[in-house]
2 protein chains.
Amino acid sequence: MTDKIKVLLVDDHAILRAGLKALLDTYDDIEVIGEAENGEEAIRQARELKPDVIVMDVMMPGMNGLTALRYILEENPDARVLMLTQYGNKEYVLPLLEAGAAGYVLKQAADTDFIKGIRAVYEGNSYLYPPIAKLVLEALMEGEDAADPERRLTPREREILILIARGYTNNEIAKMLYISPKTVDVHRTRMMNKLNLHNVAEIVRYAVRRRLVDPWED
Amino acid sequence: MTDKIKVLLVDDHAILRAGLKALLDTYDDIEVIGEAENGEEAIRQARELKPDVIVMDVMMPGMNGLTALRYILEENPDARVLMLTQYGNKEYVLPLLEAGAAGYVLKQAADTDFIKGIRAVYEGNSYLYPPIAKLVLEALMEGEDAADPERRLTPREREILILIARGYTNNEIAKMLYISPKTVDVHRTRMMNKLNLHNVAEIVRYAVRRRLVDPWED
DNA sequence: CCACAAATAAGGCGATAACCTTATTTGAAA
DNA sequence: TTTCAAATAAGGTTATCGCCTTATTTGTGG
């Protein structure tokens, strides 16, 4: 071991960050060199600190993990990002992996899985928490051929569906994703056509059914 | 310091527990003596381990934090429970404090606040994370009398809430109920004020939570 | 290199939502 | 009988939704 693995922690919960930092400090091959509590900060820190591994949550106020991931990889395609989140639905996982996340661990995983993930990702490998790997394989099996191309949403459409169901307007979503409100509207309209939804109430109930949003949150 | 503060950690995310344990281990007056990942386990551990302080999340699969809190205090009215959660709405906070939680800290708080909470609760005091304390005081100011008359809906308001959550417009609801769209609008606005909801998405999620609509219907 | 999916963006349009104020009617409880 | 909660209704304003068309850019696969 020549040098420690330099980790950047990105999560909106300061207590979780403090806990993870304390946990990682007990491993002598890993070192936390920075923290961020939202996507914008993560991008800045990634640029300045050049961490070996970025551990990032998906759901954050302000810029979310998926958007931040895209910006980070755009600036530095070699960045290694390990997603650490509560959500294990394929609707969350697949867009993140397609966007280039190097690993995916659920918060309910054991701390040893988390450490495994950091090390694997640092060494240039992928790491998927086993239940996530299973889910990804299943999604590949079925998803390839069938699954109604009419109803299959693009990652962007799915992302915007979730934000609508969480109560954001087109303008708010546009600001969060750094795109035009008109573009949000296009994704929104196409998504509604594909799923045959016609108003916000139907969108929310669909999202709740598919576990894309938790009605208890916010 | 005669003895360490014995802490039981209750949260469904193993990684968070591992992190908090590592964090608390760096304080020499605090010691984690047990962990639980749901309410049932928490009750069992509280009975067996007799911790000085129980740190517990609210949202967990299986028995949630509020129910577990009630059982624990029923068995041992002297138990000291510090709630640690992501949710800062008064709908979450007030029932927990009424049920006898000794403290309340949000996950976005600093780790120093968390430690303060553990020590305060251990010494028999209450600890409310400042924004929570503010919210509780405000709730006491307004809600003094009883049972939240502010939030109690009239039958008409509840009827219209349900129809909105099912996706109907004011005009459609007006025709269904043989009243003016403007009357529907008044009920709608009053209902939203009472429940502090601000758009259709929030209305639907509220209705789903309260089982006023089934997201699988229609 | 070309085809295609995906994301980006603009313009316009009528309907609807979200919020305000004010006011009348009605039935039930004090 | 008087008071009060509830339901009824109308007026207005601004923002947003829902849907339409058209078009450029970007990246991937054949």
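Residue numbering restarts at 1 for every chain, and letters A, B, ... go by the order of the sequence lines.
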Participant: Which atom pair, heavy atoms only, marks the closest approach of Tyr129(B) to Val105(B)?
Facilitator: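 Nearest pair, atom of Tyr129(B) first, then Val105(B): CB-CA, 3.9 Å.
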Participant: Round to a whole Å and report the spacing from CG of Leu197(A) to P of dC17(D).
Facilitator: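 Distance check: Leu197(A) CG to dC17(D) P gives 15 Å.
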Participant: Below 4.0 angstrom from OP1 or OP2 of dT16(C), is there any side-chain N or O of Asn171(B)?
Facilitator: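 Answer is yes, contact under 4.0 Å.
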Participant: Touch check for Thr189(B), heavy atoms < 4.0 angstrom, all strands: base, sugar-phosphate only, or nothing?
Facilitator: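 Base, at least one base atom sits under 4.0 Å.
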Participant: Strictly distance-based, threshold 3.5 Å: is any side-chain N or O of Glu157(B) a donor or acceptor partner for the main-chain N or O of Thr154(B)?
Facilitator: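 Yes, Glu157(B) side chain to Thr154(B) backbone: donor-acceptor pair under 3.5 Å.
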Participant: What is the separation between atom CD on Glu202(A) and atom P on dA17(C), rounded to the nearest whole Å?
Facilitator: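 The answer, rounded to whole Å, is 13 Å.
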Participant: Under 3.5 Å, which protein N or O atoms sit close to an N or O of nucleotides 5-10 of chain D? Give each pair with its distance.
Facilitator:
| from | atom 1 | to | atom 2 | distance (Å) |
| --- | --- | --- | --- | --- |
| dA6(D) | OP1 | Arg152(B) | NH2 | 3.1 |
| dA7(D) | OP1 | Arg156(B) | N | 3.0 |
| dA7(D) | OP2 | Thr154(B) | OG1 | 2.2 |
| dT8(D) | OP1 | Arg156(B) | NE | 3.3 |
| dT8(D) | OP1 | Arg156(B) | NH2 | 2.6 |
| dT8(D) | OP2 | Arg156(B) | NE | 2.8 |
| dT8(D) | OP2 | His187(B) | NE2 | 2.9 |
| dT8(D) | O4 | Arg190(B) | NH2 | 3.1 |
| dA9(D) | OP2 | Ser180(B) | N | 2.6 |
| dA9(D) | OP2 | Thr183(B) | OG1 | 3.2 |
| dA9(D) | O5' | Thr183(B) | OG1 | 3.4 |
| dA10(D) | OP2 | Ser180(B) | OG | 3.0 |

Participant: Counting just side-chain N and O atoms, does Asn170(A) come under 4.0 Å of either OP1 or OP2 of dC17(D)?
Facilitator: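 Checking Asn170(A) against dC17(D): at least one side-chain N or O falls below 4.0 Å of OP1 or OP2.
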Participant: Without decimals, in angstroms, what is the distance between Lys175(B) NZ and dA15(C) P?
Facilitator: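 Rounded to the whole Å, the gap is 12 Å.
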Participant: Looking only at atom types and distance, does a side-chain atom of Arg80(A) sit under 3.5 Å from a main-chain N or O of Asp52(A), one as donor and one as acceptor?
Facilitator: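 Looks like no, no N/O pair under 3.5 Å.
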Participant: Could you tell me if the side chain of Arg156(A) sits less than 4.5 Å from the side chain of Thr183(A), heavy atoms only?
Facilitator: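 They are not in contact (no side-chain heavy atoms under 4.5 Å apart), so the answer is no.
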Participant: What is the distance, to the nearest angstrom, from the CD1 atom on Ile164(A) to the C1' atom on dT16(C)?
Facilitator: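 Nearest whole value for this atom pair: 16 Å.
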Participant: What is the distance, rounded to the nearest whole Å, between atom CD1 of Ile203(B) and atom C1' of dT16(C)?
Facilitator: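 That distance rounds to 13 Å.
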Participant: Tell me: OH of Tyr168(B) to C1' of dG18(D), nearest whole Å?
Facilitator: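 Distance, rounded to whole Å: 19 Å.
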Participant: To the nearest Å, how far apart are Met191(B) CE and dC19(C) P?
Facilitator: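 That distance rounds to 11 Å.
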Participant: Any salt bridge linking Lys107(B) with Asp11(B)? Criterion: basic side-chain nitrogen under 4.0 Å from a carboxylate oxygen.
Facilitator: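 The answer is yes: the pair qualifies as a salt bridge.
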Participant: Quick check on Tyr71(B): does its OH atom have over 12 non-hydrogen neighbours (other residues, nucleotides or ligands) under 6.0 Å away?
Facilitator: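 12 or below, so no.
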Participant: Is any side-chain heavy atom of Tyr87(A) closer than 4.5 Å to one of Val93(A)?
Facilitator: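 A side-chain contact is absent here, since even the closest heavy-atom pair is not under 4.5 Å.
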Participant: Tell me: CE of Met192(A) to C1' of dT16(C), nearest whole Å?
Facilitator: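 Distance, rounded to whole Å: 12 Å.
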